[in-house]
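Below: one structure, written as structure tokens.
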Amino acid sequence: MRNLRLDRAHPRRRATSLRALAATVTASALLLSSCSSDDPEVEDPTTSEATTDEATTDDGETTDAAETTEAPGTDDQEETATEAPSDDAEETAVPSGPITSDDGAFEVTAPDGWVDVREQVEQQVEIAVRDDEMTDDFFTNIVVASEEPIGDLEDSIEAAAEQVAGADGDYEMLDPIQIAGTDAYGFVLTRVTGGVEVAQTQWWVEHGERLYVTTFSTAKTQEEASRPIMEEILSTWTWQD
């Protein structure tokens, strides 16, 4: 029944929406880095040209721009991606114990010394926490956002990875893992932002009526050393239903 319901949606629009979500989460994670300057440069994660409301054919007829392949929301992402969190942005220390997602669907436990920085992220996110200590000019962090689920999750991952990487980034598809007993599909993306080479690992997992996109970001030089931290956080993930 679930697949039948999803098939009634517009598959092209759903796919581009999810690629936009992947780009938005990546931008959010980069915003949390703050790098080594007060106003870090954050590159636009998409390379597609923005669509217009209507396209004109040679005959003068107009066509619906929704039929084009460009991802929506590029302008909004660019505006968000270039704004660094303010110096007086509130950072709330993470208490000892689990952190509940904004929608109440799951909990995770952050490492000691990490802080809750959801207030610093412009977009609506479920979880946003980072290390309070900078390593190699970067704050290691994890951001989780959510979207409506889709029927072709596994097939959508690589398209999202390619778009988020853009012309200047590299990506590698990863073998599926389990997050709290549920299959998760992912990729690792490498890019340069603010003069720092960054590695971002993204996992997509569906649960109930939501798709959760988790992005773990760290300096590329710390990728191997930080992997156990990511695995530890994901191992604490528990669904609340």
Side-chain angles (χ1 to χ4, degrees), residues 2 6 14 17-34 45 73 76-77 80-81 85 89-132 139-150 153-154 156-157 160 164 174 176-189 200-218 226-241:
R2 179 183 176 193
L6 292 170
R14 292 296 301 122
S17 175
L18 287 167
R19 289 195 292 271
L21 171 64
T24 300
V25 175
T26 303
S28 299
L30 289 173
L31 278 174
L32 294 178
S33 71
S34 291
D76 291 340
Q77 291 167 8
T80 300
E90 180 180 357
E91 289 187 359
T92 304
V94 174
S96 57
I99 308 162
T100 303
S101 62
D102 194 62
D103 65 359
F106 67 93
E107 291 181 343
V108 296
T109 300
D112 292 339
W114 283 46
V115 292
D116 188 337
V117 287
R118 273 178 281 197
E119 295 299 321
Q120 294 189 33
V121 182
E122 299 265 338
Q123 302 93 339
Q124 177 67 35
V125 296
E126 303 296 343
I127 295 283
V129 291
R130 78 176 188 191
D131 193 343
D132 201 30
F139 289 106
T140 301
N141 66 78
I142 189 166
V143 177
V144 183
S146 65
E147 173 64 276
E148 294 181 2
I150 58 173
L153 175 61
E154 187 173 1
S156 299
I157 293 292
V164 174
L174 301 174
I177 64 171
Q178 291 250 310
I179 294 180
T182 305
D183 288 339
Y185 303 93
F187 59 88
V188 59
L189 166 71
Q200 296 180 287
T201 303
Q202 195 166 93
W203 295 107
W204 295 26
V205 58
E206 286 185 351
H207 183 77
E209 294 301 311
R210 300 300 288 173
L211 167 65
Y212 294 93
V213 179
T214 300
T215 306
F216 180 84
S217 304
T218 185
S226 297
R227 184 172 292 117
I229 299 174
M230 178 187 69
E231 293 173 349
E232 177 187 355
I233 296 173
L234 294 180
S235 71
T236 68
W237 189 304
T238 56
W239 302 112
Q240 297 303 294
D241 53 13

Heavy-atom side-chain proximity of L30 to S217 below 4.5 angstrom: no
Closest heavy-atom contact between W203 and I179? CB-CD1, 4.1 Å
Over 60° means perpendicular and under 30° means parallel, so tell me whether F106 and W239 are parallel, tilted or perpendicular. perpendicular
If every non-hydrogen atom of A128 is compared with every non-hydrogen atom of D116, which pair is closest and at what distance? O-OD1, 3.4 Å
Looking at side-chain heavy atoms only, is the closest gap between R118 and I127 below 4.5 Å? yes
Do you see a donor-acceptor pair shorter than 3.5 Å between the side chains of Q123 and S28? yes
Y185 and L153 have their tightest heavy-atom pair at CD1-CD2, 3.9 Å
Taking W114 as the fixed residue, which of I99, T109, I142 is the one that meets the side-chain contact (heavy atoms from CB on, under 4.5 Å) rule? I142
Could you tell me the separation between the CG atom of D241 and the NE2 atom of H207, rounded to the nearest 0.5 Å? 3.5 Å
Start with the C-alpha gap between S101 and V144, add the side-chain angles, then the distance that decides, and say whether side-chain contact (heavy atoms from CB on, under 4.5 Å) holds. CA-CA 8 Å; S101 62; V144 183; over 6 Å; no
Ignoring hydrogens and angles, state whether a donor on the side chain of T238 or Q240 is under 3.5 Å from an acceptor on the partner side chain. yes
Where is the tightest heavy-atom contact between N141 and A29, given as atom of each residue plus distance? ND2-O, 3.3 Å
Shortest non-hydrogen pair, D103 vs Y212, comes out as OD2-OH, 2.6 Å
Walk me through whether T214 and W237 qualify under side-chain contact (heavy atoms from CB on, under 4.5 Å). CA-CA 11 Å; T214 300; W237 189 304; 3.4 Å; yes
Donor-acceptor check, side chain of R130 to backbone of L32, threshold 3.5 angstrom: yes or no? yes
Given 3.5 Å as the limit, does a donor-acceptor pair link the side chain of E126 with the main chain of D102, or not? yes
Rounded to the nearest 0.5 Å, what's the gap from CG on L211 to CD on E148? Could you check? 10.0 Å
Are T218 and M230 close enough that some pair of their side-chain heavy atoms sits under 4.5 Å apart? no
Would you say that L189 contacts Q202 through its side chain, given a criterion of any heavy-atom pair below 4.5 Å between the two side chains? no
Are side-chain N/O atoms of T215 and Q200 paired as donor and acceptor at under 3.5 Å? no
Looking only at heavy atoms, what is the nearest atom pair of A23 and V164, with distance? N-CG2, 3.6 Å
Please evaluate residues I177 and L234 with respect to the criterion side-chain contact (heavy atoms from CB on, under 4.5 Å), reporting the C-alpha separation (whole Å), side-chain torsions for both, the decisive distance (0.1 Å), and the verdict. CA-CA 10 Å; I177 64 171; L234 294 180; 4.1 Å; yes
So do the side chains of E206 and T182 get within less than 4.5 Å of each other, counting heavy atoms only? no
